[in-house]
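Just so we're clear, the structure is a prediction, and the values are computed from it rather than from any experiment. As a basis for the values below, the full set of heavy atoms in this structure was taken, side chains included, without hydrogen atoms, waters or symmetry mates. Counting starts at 1 for both ligands and their atoms, following the listed order.
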Amino acid sequence: MKDLSSRSAQFTDSVIRRMTRISMQYNALNLSQGFPDFDPPKEITDKLAEIAGPGPHQYSITWGAPNFRAALAEKQSLYMGRAIDPEKEIVVTCGSTEAMMVAMLTVTNPGDKVIVFSPFYENYGADAILAGAEPIYVPLVPPEFHFDADVLETAFKQNPKALILCNPSNPCGRVFTRPELETIAALAAKYDTYVITDEVYEHIVYAPHKHIYFNSLPLMFERTISCSSLSKTYSITGWRLGYIIAPERIIEAAKKVHDFLTVGAAAPLQEAAVTGLRFPQEYYQSLLAEYTEKRSIFVTGLRDAGISHIAPEGAYYVLADISEYGCKSDLEFCEALAREVGVGAVPGSSFFREPVNHLIRFHFAKKNETLYEALNRLESMRKKMLKH
Ligand SMILES: Cc1ncc(COP(=O)(O)O)c(C=O)c1O
């Protein structure tokens, strides 16, 4: 038989999602794939129950149900500091995952270059391959994960069509500062480059750090495709609700790409999620307070267990340093960790372009009791894993 597409041969299945399957196989506490084990807000699930009968059950408008877009525009206008037009500047997608793919397909032609900071959320590599774009990787250097402005400019000189900005960043937890974002903005303007942002952790930024929406920087709205989702903010990763916010010119093209990729996000789930989008600001404050507590529990526990790690500025991941174990493969280390210690983690190498093999990623979007149990198990990590 003829070969399958070379496109699909260029990437492996997701290592993150593979680690979830491995965690299940060994009955390990799954701190690999980032999703909560606690319930979404009751008001949202109550609303879902209420509409189970009456619906909506049919397609919504392809670029999003009008009431969902209206509620989203109102919320994001407040946070982004400009009036977002729900008719012209929003496309509702199946998660930020689809939003990012739509953004790539909307902005790039096959052969175009895109700048990607490394480490990066693994979807971006596959997105680039699927779109036929060629990534130019710019390192964020551990443990601070800063970029070198000269190295970044060298990348811009290669005439990229877009830069992908994950902020707050998964996996490294960086929250870019205003001067850093201004450096990117100045280069994007100088080299006429689009900026595709992934801001799914926009509400999970630990004090004193602050989230700055890239599109809110002077003159940046016109060249920014802001992607985000409801997955993390309302603990509904399985609902697959995301969105793109961008200027009308870009949204017009993105609507078409989205329509032919998925037609639309699930209508009843959009309807129920409007309840969340209309939550008062206190909701986001208490979400952050909860994650701040989880972060503190987890990093304190790691420290007490003698596991060296990098505490995040935003998002809900911690990179732990496994250099002392001297293992050749961080993937094998993570498999052994799930099997012998009973905790699932993601090998850091799946996020880095550079040959980084000494970091593994845990997430702490779990009930406090789950975190305490995981920490309990991790206390034996050094003893059990040093023999590997
Ligand atoms: C940076 C980043 N972007 C996107 C996603 C996926 O988001 P969604 O569920 O909205 O597709 C994740 C999930 O972990 C993520 O960490």
Side-chain angles (χ1 to χ4, degrees), residues 13-20 23 30-37 40 44 64 68 72 76 90-105 114 116-128 130 135 140 145 163-176 195-205 211 213-214 225-245 258 261-262 264-266 269-270 273 276-277 291 312-319 344-348 350-352 361-366:
D13 62 324
S14 154
V15 178
I16 299 177
R17 282 154 323 253
R18 195 188 310 166
M19 287 314 303
T20 284
S23 298
N30 184 6
L31 302 191
S32 54
Q33 189 178 1
F35 60 85
D37 66 349
I44 300 182
F68 184 96
L72 177 65
Q76 291 307 119
I90 292 178
V91 180
V92 180
T93 58
C94 301
S96 184
T97 302
E98 189 212 329
M100 293 295 290
M101 191 69 233
V102 168
M104 286 282 270
L105 291 170
V114 288
V116 178
F117 287 111
S118 166
F120 58 95
Y121 176 57
E122 60 174 359
N123 281 33
Y124 309 153
D127 288 349
L130 290 170
L140 294 173
F145 296 104
L163 173 142
I164 295 179
L165 181 68
C166 184
N167 185 32
S169 167
N170 173 8
C172 66
R174 255 334 290 293
V175 172
F176 291 95
V195 176
I196 300 172
T197 70
D198 184 351
E199 296 172 279
V200 296
Y201 302 102
E202 64 201 286
H203 294 292
I204 307 175
V205 173
H211 182 63
Y213 291 91
F214 192 80
I225 299 105
S226 307
C227 301
S228 190
S229 93
L230 281 67
S231 288
K232 316 288 175 171
T233 304
Y234 305 99
S235 309
I236 48 173
T237 58
W239 288 31
R240 315 306 306 123
L241 292 175
Y243 55 88
I244 298 176
I245 291 178
H258 158 73
L261 272 181
T262 61
L269 298 180
Q270 289 187 61
L277 291 170
Y291 274 114
E313 299 167 352
Y316 48 54
Y317 303 97
V318 173
L319 289 171
V346 182
S350 60
F351 303 105
F352 282 87
R361 192 199 75 176
F362 294 112
H363 85 91
F364 54 82
K366 293 289 180 226

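Residue contacts with ligand 1 for Phe35 are absent, since no atom lies close enough (heavy atoms, distance under 4.0 Å). Contact annotation: for Met100 versus ligand 1, there are no heavy atoms closer than 4.0 Å. Contact annotation: for Tyr317 versus ligand 1, heavy atoms closer than 4.0 Å belong to the side chain alone. Contact annotation: for Lys232 versus ligand 1, heavy atoms closer than 4.0 Å belong to the side chain alone.
Regarding atom 3 (N) of ligand 1, its nearest protein heavy-atom neighbour is Asp198 OD2, 2.6 Å. Remark: minimum distance from atom 5 (C) of ligand 1 to any protein heavy atom is reached at Tyr121 OH, 3.5 Å. In this structure, the protein non-hydrogen atom closest to atom 6 (C) of ligand 1 is Thr97 OG1, 3.5 Å.
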What do the steps show when you test Asp13 against Arg18 for salt bridge (Lys or Arg N to Asp or Glu O under 4.0 Å), and what is the final call? CA-CA 7 Å; Asp13 62 324; Arg18 195 188 310 166; 2.8 Å; yes

Before you tell me yes or no, could you show the steps for Thr262 and Glu98 under side chain to side chain donor-acceptor pair (under 3.5 Å), namely the whole-Å CA-CA distance, both residues' side-chain angles and the distance that decides it to 0.1 Å? CA-CA 9 Å; Thr262 61; Glu98 189 212 329; 3.0 Å; yes

Before giving the answer on side-chain contact (heavy atoms from CB on, under 4.5 Å), spell out for Phe120 and Ser169 the whole-Å C-alpha distance, their side-chain angles and the decisive distance to 0.1 Å. CA-CA 8 Å; Phe120 58 95; Ser169 167; over 6 Å; no

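Each of the atoms 8 (P), 9 (O), 11 (O) of ligand 1 lies under 4.0 Å from some heavy atom of Arg240. Annotation for ligand 1: atoms under 4.0 Å from non-hydrogen atoms of Cys166 are 1 (C). Ligand 1 places these atoms under 4.0 Å from at least one heavy atom of Ser231: 8 (P), 9 (O), 10 (O). Near Tyr201, with a cut-off below 4.0 Å to any heavy atom, the atoms of ligand 1 are 1 (C), 13 (C), 14 (O), 15 (C), 16 (O). The contact set between ligand 1 and Asn170, taken as ligand atoms under 4.0 Å from a residue heavy atom, comprises 1 (C), 15 (C), 16 (O).
At a threshold of 4.5 Å between non-hydrogen side-chain atoms, the residues Ile16 and Arg361 count as touching.
Here's the thing with Tyr124: none of its N/O atoms is less than 3.5 angstrom from an N/O atom of ligand 1. Looking at Thr237 next to ligand 1, no N or O pair under 3.5 Å apart turns up.
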